Structure formats: C-alpha cells, structure tokens
A.B. asks: 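So that we are looking at the same thing, I have put the structure below in structure tokens.
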Amino acid sequence: MTAERLAIFGGQKAFNGRLKITEPTLPDFDDIKEGTRKILESRMVTASENVRNFENEIKEYTGAKNAAAVSACTTGLLISMRTLDLKGEVIMPSFTFMASGHALLWNNLRPRFVDIDPQTFNISPAEVEKAVTKDTCAILGLHIFGNPAEVRALEKTAEEHNLKLIFDSAHALGSESGGKKIGTFGDCEVFSLSPTKTVTACEGGLVLTKHDDLHSKIVMARDYGKTADYDSVILGLNARMAEFNALIAINSLRMLERSIERRNRIADIYRKRLEKLPGISFQEIKSGNRSTFKDFAITIDHETFLLTRNQLRAVLEAENIEVRTYFDPPLHRQTLYKTNEKLPVTDAIASSILCLPLYSHMPEIFATTVCDVIAAAYENSESIEKVIG
Ligand SMILES: *Cc1c(COP(=O)(O)O)cnc(C)c1O
C-alpha cells in the first residue's frame with residue numbers, strides 16, 4: 001500500500017462502514033422465541049427456571065462447584081468482598097478496568113496496586129509477595145484480556161499469608177490454565193456477561209466458588225441479604241438476574257466454544273502478519289493455557305516502529321477502524337485512585353498498548369485488512385509523522 005492510498009492522505013477508507021472494536025455475538029430471534037414466550041406466560045420473570053438452568057450449565061462447563069448468576073460483574077465483586085468480610089488492604093493490579101477497584105472502594109477497602117508482568121500483562125506473583133503487609137486481607141487477581149493469571153502461584157501466596165484470593169474474571173469465561181477452566185481457582189471468581197464479553201446476558205455476571213458456605217451467603221446477598229423469613233443478616237442488594245437475561249446467556253454460552261476457536265484463529269492471523277514488523281509486541285499466552293482473546297492487544301515501541309501508539313491509532317481511525325487503548329490510564333493514574341506507587345511496567349504497557357478489532361463473528365479478512373493498514377503505516381512513517389506530528 002502506497003502513502004497516497006492511506007485515508008489520512010486522502011485515500012479511500014479501508015472500511016466504508018466503521019469496523020467496530022467489538023460486537024456481541026447474539027442468538028437468532030428464532031432461538032429465543034419459544035423461551036421468551038414461556039417466560040411471559042409463566043409470569044416468573046426474575047430469578048427462576050432460566051437462571052437455575054444457566055447456573056447448572058455454567059457449573060457443567062467450567063467444573064466449578066457452585067455458580068450464582070448476578071446482575072453484573074461489578075455487583076458480583078461487591079457482594080463477594082462483603083460476604084468474605086474483608087477489612088484493610090487488597091493487593092491488585094492497576095492495569096485493569098475501573099470496576100475492579102470500585103468494588104473495593106464500595107467496601108471501604110484500600111487498593112494496594114502492584115506491577116504486572118511485561119510479557120503476560122498479568123499481575124506479577126513476585127510483586128504480590130513483596131507487597132504483603134500486616135494490613136493485607138486479600139489478593140484480587142485478574143486474567144487480562146482472557147490470558148489466565150498465574151493462578152497457582154497466587155493461590156500459594158494467599159495460602160502462605162492466610163489471605164483471601166478473589167479473581168476478577170470478567171474477560172475469562174472459557175479460558176483455561178493447565179487444562180482447568182478459569183472459574184475453579186481462588187476463593188471465588190467473578191465474571192461479566194456484559195455485551196463486550198465472551199458470553200453475554202445483555203447485562204449480567206456470575207460468581208463461581210468452591211466454598212458451599214460462601215455460595216449460600218452470595219445467594220442471600222444478591223437478594224438484599226435476607227433470609228426466607230425476612231431477616232436481613234448481611235448487607236445485600238438487588239443483584240438478581242432477570243429470566244430474559246438468563247435465556248440470552250444460555251444461548252450465548254452454547255456458542256462459546258466456537259467463539260473462542262474463532263477468536264484464537266483471528267488472533268493467529270494478527271500475530272503471524274504483525275510479527276514481521278519491527279517494534280510490535282504481543283501478550284504472551286503461556287504454553288498449556290488458553291485465552292479467550294476477549295481483546296487482542298499489541299504494544300508499539302516508538303523507537304523501532306517509528307510511529308507512536310497514538311500516531312498509529314490516528315492512522316487506523318482514519319480508515320474507519322475502531323481501536324482502543326485498554327487500560328490507559330491505569331487505575332493509579334485516575335482521579336479517584338491517584339497514588340504514589342511506582343509501577344514502571346504498568347505505565348510502559350499502558351502508554352504503548354493498542355487493542356485491535358476482534359469479535360467472535362468477525363470475518364477473518366477484516367483482520368488481514370487491519371494488518372495491511374498497519375504495515376502501510378510503518379512503511380510510510382516518515383510522511384505520516386509530517387502530517388500528524
Ligand atoms: C467489564 C469488566 C468489569 C465490569 O463488568 P460489568 O458486568 O459491566 O459490571 C469488571 N472488570 C473488568 C476487568 C471488566 O473488563
């Protein structure tokens with residue numbers, strides 16, 4: 001592709017309509033028609049048969065002992081931390097979506113941000129170990145973009161220091177660590193079923209745990225924290241899942257294995273084509289693990305790629321290609337969380353990261369086109385620098 005063909009120089013855009021960074025993969029109307037009719041006729045519109053069926057299918061799929069469907073990952077995290085009765089500091093990565101931190105603040109818990117591993121972008125177990133103090137009550141792990149965290153090392157640290165271990169597993173429904181599904185680690189794992197995630201309920205979440213007593217408390221907490229005879233015993237809220245959402249989630253879950261296969265295939269296309277260019281690096285998925293590729297992230301090294309991340313972003317946006325800089329700014333740089341912690345790896349990754357379009361029903365040819373544009377941007381970096389500075 002020559003310089004003139006690029007849209008920032010007035011060439012025709014690579015996509016006429018906008019190529020979105022992500023889109024939910026949804027069931028056909030015909031697949032949910034009968035289920036919807038049943039919900040309406042039964043007049044049981046929340047926390048009923050579909051929710052129970054969804055929870056059972058999730059247990060079967062992940063191998064988790066207990067599953068509680070909730071209204072969102074955020075509310076799931078909130079009630080998990082509340083029912084675990086945490087007090088003090090929670091060690092967590094700063095390189096995440098703000099909801100991970102918000103759940104702490106709603107519980108009057110203090111985040112203690114630690115750095116991530118430069119290869120996997122996941123929380124570094126060595127940094128976690130160093131950050132433990134007498135005020136630490138828990139670790140909040142995360143499988144960033146679906147890449148499984150070092151679950152066993154984190155479990156070991158939690159056990160040695162008598163800490164609770166919670167995972168924000170929003171990106172990781174379908175991910176695997178050493179042949180075991182994410183959802184079976186730590187004290188509990190909390191998933192998101194919002195429209196950008198691998199399984200969607202339109203809006204929703206899930207709390208999976210091996211502890212029966214914790215599960216019972218979460219089931220109570222999602223329903224105002226009340227017992228059958230209207231005694232409120234824990235501070236709960238309404239975090240129930242509605243029947244229609246569970247019906248969508250059941251149908252979405254049935255597409256999950258195929259979705260992950262397709263996402264991994266598209267990620268392969270991106271990697272094989274982009275690794276030929278200097279200055280582009282990828283998130284490392286450790287062998288024996290499976291990522292959902294909830295997002296496909298690259299990092300741009302300005303020195304060798306000859307363009308900055310923001311310059312490349314401008315080139316792609318001009319072509320009608322939507323990209324995102326997840327998670328820039330990281331939490332420790334946001335107004336609500338500003339701290340003095342030095343997190344050099346987090347800062348370096350956040351300032352160079354770019355997430356490319358990827359969704360389960362995305363045609364593979366779209367990924368090829370995105371790669372062609374990135375290659376053309378590299379080849380024409382000098383002229384681009386002159387235009388966008
Ligand atoms: C999407 C997301 C959440 C929030 O999920 P909701 O279901 O919208 O509450 C939490 N944590 C991470 C890492 C996320 O990406």
Side-chain angles (χ1 to χ4, degrees), residues 21-24 51 54 58 67-82 90-107 109 111 113 116 120-123 138-149 151 166-175 182-183 185-186 188-208 218 221-222 237-242 245-246 248-249 252-253 263 283 291-297 324-332 334 336-337 346 349-350 353 355 358-359:
I21 176 98
T22 191
E23 282 182 9
V51 171
F54 177 56
I58 282 290
V70 289
S71 57
C73 179
T74 310
T75 52
L77 285 168
L78 226 133
I79 60 176
S80 299
M81 288 172 190
R82 173 64 64 166
V90 177
I91 298 172
M92 66 174 291
S94 166
F95 190 66
T96 178
F97 187 59
M98 63 272 289
S100 319
H102 289 4
L104 264 62
L105 299 195
W106 276 99
N107 279 297
L109 294 161
F113 296 123
I116 50 171
T120 64
F121 309 171
N122 272 322
I123 191 168
I139 303 166
L140 179 63
L142 198 98
H143 318 286
I144 200 85
F145 307 138
N147 188 17
V151 285
I166 303 166
F167 285 99
D168 177 339
S169 306
H171 302 174
L173 189 48
S175 293
I182 294 303
F185 298 97
C188 64
E189 296 208 51
V190 187
F191 295 81
S192 173
L193 307 168
S194 79
T196 61
K197 307 304 185 337
T198 50
V199 170
T200 188
C202 299
E203 294 285 0
L206 269 171
V207 184
L208 308 190
I218 284 166
R222 76 176 169 188
L237 44 77
N238 179 355
R240 293 185 308 242
M241 179 179 278
N245 297 88
I248 297 285
S252 180
L253 178 61
R263 283 169 177 270
Q283 188 186 24
S291 176
T292 56
F293 284 103
K294 187 271 186 199
D295 290 290
F296 186 81
R324 288 280 167 86
T325 53
Y326 296 137
F327 289 98
D328 185 25
L331 293 198
H332 76 290
Q334 296 184 17
L336 193 60
Y337 292 94
T346 298
I349 302 281
I353 202 150
C355 292
L358 176 54
Y359 45 91

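Both ligands and their constituent atoms are indexed starting at 1 by order of listing. What you see is a predicted model; the values in this text were computed from it and never measured.
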A.B. asks: Just to verify, what does Y359 make a ring-ring contact (aromatic ring centres under 6.0 Å, His included) with, not counting sequence neighbours?
C.D. replies: H361

A.B. asks: Measure the OG1-CD1 distance between T96 and I116 for me, rounded to the nearest 0.5 Å.
C.D. replies: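 Answer rounded to 0.5 Å: 10.5 Å.
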
A.B. asks: Report yes if some heavy atom in the side chain of M241 is under 4.5 Å from a heavy atom in the side chain of L193; otherwise report no.
C.D. replies: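 With C-beta onward as the side chain, the pair touches.
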
A.B. asks: Can you name the ring-ring contact (aromatic ring centres under 6.0 Å, His included) partners of H332, sequence neighbours left out?
C.D. replies: none

A.B. asks: Going by heavy atoms in the side chains, are I353 and F121 under 4.5 Å from each other?
C.D. replies: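 Yes, their side chains come closer than 4.5 Å.
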
A.B. asks: Need the list: ligand 1 N/O atoms against protein N/O atoms, distance under 3.5 Å, rounded to one decimal.
C.D. replies:
from, atom 1, to, atom 2, distance (Å)
ligand 1, 5 (O), S192, OG, 3.2
ligand 1, 7 (O), C73, N, 2.9
ligand 1, 7 (O), S192, OG, 2.7
ligand 1, 9 (O), C73, N, 3.3
ligand 1, 9 (O), T74, N, 2.8
ligand 1, 9 (O), T74, OG1, 2.5
ligand 1, 11 (N), D168, OD1, 3.4
ligand 1, 11 (N), D168, OD2, 2.7
ligand 1, 15 (O), H171, NE2, 2.6
ligand 1, 15 (O), K197, NZ, 3.4

A.B. asks: In chain order, what residues pass the salt bridge (charged side-chain N to carboxylate O under 4.0 Å, His left out) check against R240, with sequence neighbours excluded?
C.D. replies: D223

